[in-house]
Amino acid sequence: MEPKPFAPIAERLIAWQKQHGRHDLPWQNTTDPYAIWVSEIMLQQTQVAAVITYYLKFMQRFPDIASLASASQEDVLQYWSGLGYYSRARNLHKAAQIIMQQHGGNFPQDFEAIQALPGIGRSTAAAISSFAFGLSQPILDGNVKRVFARYFLIEDWPGLPRVEKTLWQLAEAMQPESEMGVYAQGLMDMGATLCTRTRPRCDICPLQEDCGAWAANRVKELPASKPRKAVPERTVQMLVLCHADKVLLEKRPESGIWGGLWSLPELGLEQDGAAWAMQALSMPSSGAEPLVQLTHVFTHFRLHISAQRLTVPVLPLQAQEPRWQWMSLDEAIHAALPVPVRKILQVLAKQHHVVSNAHQGQLALI
DNA sequence: AATACGGGGTT
DNA sequence: AACCCAGTATT
């Protein structure tokens, strides 16, 4: 019988977490499942530093499930604008309404019920479960995958379904008997602060003594990186239709990119803006001028945007569909917009500012 | 099993 | 410029 040479990793991580983990992030030191839930959703594929200010503003505006559930989707998206992965916000909102209707306004405490809420998968359900309720469910996020890929010397890319299955099994097997929340936090904090992708701090790692990658001198190469394909490129034209101090925005469909956000009309590069405005919106326009060109990079493609400004002297008599809306420039910039659209409108606002200053100057001269 | 879904940070 | 990040839902 071989004696166990080292303490279980859960034991070491719990001790490490208590001494060296992070303890004062805005969503820590609470067992309020709502506060924890919001943080976990924001932290999906998004780093702590980027989340903090969004989280504080969001919690101030939507302090509890009821206030979130009763808000408009528009309002919720506005507080998410700039964070990305907008389905997270739509699902959060939808889930709050489900909790009001199906759980009497109380966050469910059953693991399956938690995971059944939209936007909450196995790992997020496990994180909420352990932090808020002390349930024993394994988490498996990017940090855990990296720590395990190194500790267990897993050579293949952790995103492979076969490897992922193994990782979940390991995650289950490593669960402690108690202190679930401290363990889960320790695993993630260790991954985020010591077992980092580059320049990991193996010198002070509580798992170094029996880490497979450390023993094999393979830490730098693991975890294996995702096999990449060339990212496609797309070029579009965006129209900034201006009438007096207002611009025309279009609400995007629920599903697909930038779902539910306000954007600008998109055209192929070959199409003529004025002709399109006349045909699609019965809107005469003139004075087309290039406004700005920019490139927006997504995970899965690169989007080149060429923004054109058009002046609409007279509004058509017929009311437009509700997905079209004239907003003042100031109003538009504060709406729920994707980042590149906000940038385009800021360029316009800057021009507007220069023009109105020149105008004021003229008035002063007269 | 593969793909869609953002934006920001690091190197 | 490549790569990654407290993943989930859809196809």
Side-chain angles (χ1 to χ4, degrees), chain A residues 21-22 25-28 36-55 77 80-92 94-95 114-128 130-131 138-147 149 157-165 167-168 171 181 184-193 195-200 220 222-233 252-261 263 295-303 336-343:
Chain A
R22 297 174 292 192
L25 296 172
W27 45 86
Q28 293 181 324
I36 293 164
W37 171 36
V38 172
S39 76
E40 290 302 329
I41 300 301
M42 285 193 175
L43 288 162
Q44 288 171 359
Q45 299 290 283
T46 310
Q47 294 178 4
V48 168
V51 163
I52 291 176
T53 58
Y54 279 90
Y55 180 79
L77 282 173
W80 210 272
S81 174
L83 247 193
Y85 281 144
Y86 298 96
S87 66
R88 294 185 294 176
R90 295 194 305 273
N91 283 330
L92 192 67
K94 202 184 305 170
I114 295 172
Q115 202 185 331
L117 293 169
I120 302 183
R122 182 174 177 185
S123 191
T124 299
I128 298 170
S130 56
F131 295 146
I139 56 170
L140 186 62
D141 59 23
N143 289 314
V144 182
K145 284 180 179 174
R146 189 172 53 254
V147 171
W157 176 54
L160 279 176
R162 193 190 83 251
V163 179
E164 191 141 336
K165 192 179 168 191
L167 287 167
W168 274 114
Q185 192 67 55
L187 199 47
M188 291 194 289
D189 276 13
M190 205 280 281
T193 62
C195 198
T196 48
R197 187 169 63 89
T198 54
R199 283 191 279 201
K220 204 163 49 174
L222 297 177
S225 57
K226 178 190 172 91
R228 293 277 175 188
K229 295 169 185 170
V231 294
E233 312 215 358
R252 299 186 60 96
E254 286 286 302
S255 62
I257 203 157
W258 299 331
L261 269 62
S263 189
T295 299
H296 191 71
V297 183
F298 295 88
T299 316
H300 48 305
F301 67 97
R302 190 188 305 266
L303 183 65
L337 307 173
V339 163
V341 172
R342 190 182 311 280
K343 282 182 182 165

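Since the structure is predicted, the reported quantities are computational estimates derived from the model, not experimental observations.
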Just checking [X]: base, sugar-phosphate only, or nothing, at a heavy-atom cut-off of under 4.0 Å?
{"X": "A:Arg22", "answer": "base"}
{"X": "A:Val48", "answer": "base"}
{"X": "A:Trp80", "answer": "nothing"}
{"X": "A:Gln185", "answer": "base"}

Length of the [atom1]-[atom2] vector between [X] and [N], whole Å:
{"X": "A:Ile52", "N": "C:dA6", "atom1": "CD1", "atom2": "P", "result": "13 Å"}
{"X": "A:Arg90", "N": "C:dT8", "atom1": "CZ", "atom2": "P", "result": "16 Å"}
{"X": "A:Ile128", "N": "C:dT8", "atom1": "CD1", "atom2": "C1'", "result": "13 Å"}
{"X": "A:Leu43", "N": "C:dT8", "atom1": "CG", "atom2": "C1'", "result": "15 Å"}
{"X": "A:Leu160", "N": "B:dT3", "atom1": "CG", "atom2": "C1'", "result": "15 Å"}
{"X": "A:Glu40", "N": "C:dG7", "atom1": "CD", "atom2": "C1'", "result": "11 Å"}
{"X": "A:Leu222", "N": "C:dC3", "atom1": "CG", "atom2": "C1'", "result": "16 Å"}
{"X": "A:Asn143", "N": "C:dC5", "atom1": "CG", "atom2": "P", "result": "7 Å"}

Measure the [atom1]-[atom2] distance between [X] and [Y] for me, rounded to the nearest 0.5 Å.
{"X": "A:Phe301", "Y": "A:Ile257", "atom1": "CZ", "atom2": "CD1", "result": "3.5 Å"}
{"X": "A:Leu117", "Y": "A:Lys94", "atom1": "CG", "atom2": "NZ", "result": "11.5 Å"}
{"X": "A:Ile41", "Y": "A:Thr46", "atom1": "CD1", "atom2": "OG1", "result": "10.5 Å"}
{"X": "A:Ile114", "Y": "A:Arg122", "atom1": "CD1", "atom2": "CZ", "result": "14.0 Å"}

What distance, rounded to whole Å, do you find between the two [atom1] atoms, one in [N] and one in [M]?
{"N": "C:dC3", "M": "B:dG6", "atom1": "C1'", "result": "15 Å"}
{"N": "B:dG8", "M": "C:dT8", "atom1": "P", "result": "22 Å"}
{"N": "C:dC4", "M": "B:dC5", "atom1": "C1'", "result": "16 Å"}

Name the residue closer to the 5' end of DNA chain C, choosing between A:Ser39 and A:Gly119 according to the nucleotide with the nearest heavy atom. A:Ser39

Nearest-nucleotide comparison on DNA chain C, the residue closer to the 5′ end among A:Ile120 and A:Gln28: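 This one resolves to A:Gln28.
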
For nucleotides 5-11 of chain B, 5' to 3', base contacts (B), sugar-phosphate-only contacts (S) and non-contacts (-) with protein non-hydrogen atoms under 4.0 Å give BBBB--S

Would you find a donor on one side and an acceptor on the other, under 3.5 Å apart, between the side chain of A:Ser130 and the backbone of A:Ala127?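 Checked: pair present.
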
Sidechain-backbone polar pair: A:Arg146 side chain, A:Gly191 backbone, donor-acceptor under 3.5 Å: yes

I want to verify a distance call: between C:dA6, C:dA2, B:dA1, whose nearest atom is closest to the A:Pro161 side chain? B:dA1

Using the ring of each side chain (for Trp, its six-membered ring), is A:Phe298 parallel, tilted or perpendicular to A:Trp258, with breaks at 30° and 60°? tilted

Please assess A:Phe131 against A:Glu40 for the test side-chain contact (heavy atoms from CB on, under 4.5 Å), listing each intermediate value before the final yes or no. CA-CA 10 Å; A:Phe131 295 146; A:Glu40 290 302 329; 3.4 Å; yes

Does A:Arg122 place a side-chain N or O at less than 4.0 Å from the phosphate oxygens OP1/OP2 of C:dA9?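 No, A:Arg122 has no side-chain N/O under 4.0 Å of OP1/OP2 on C:dA9.
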
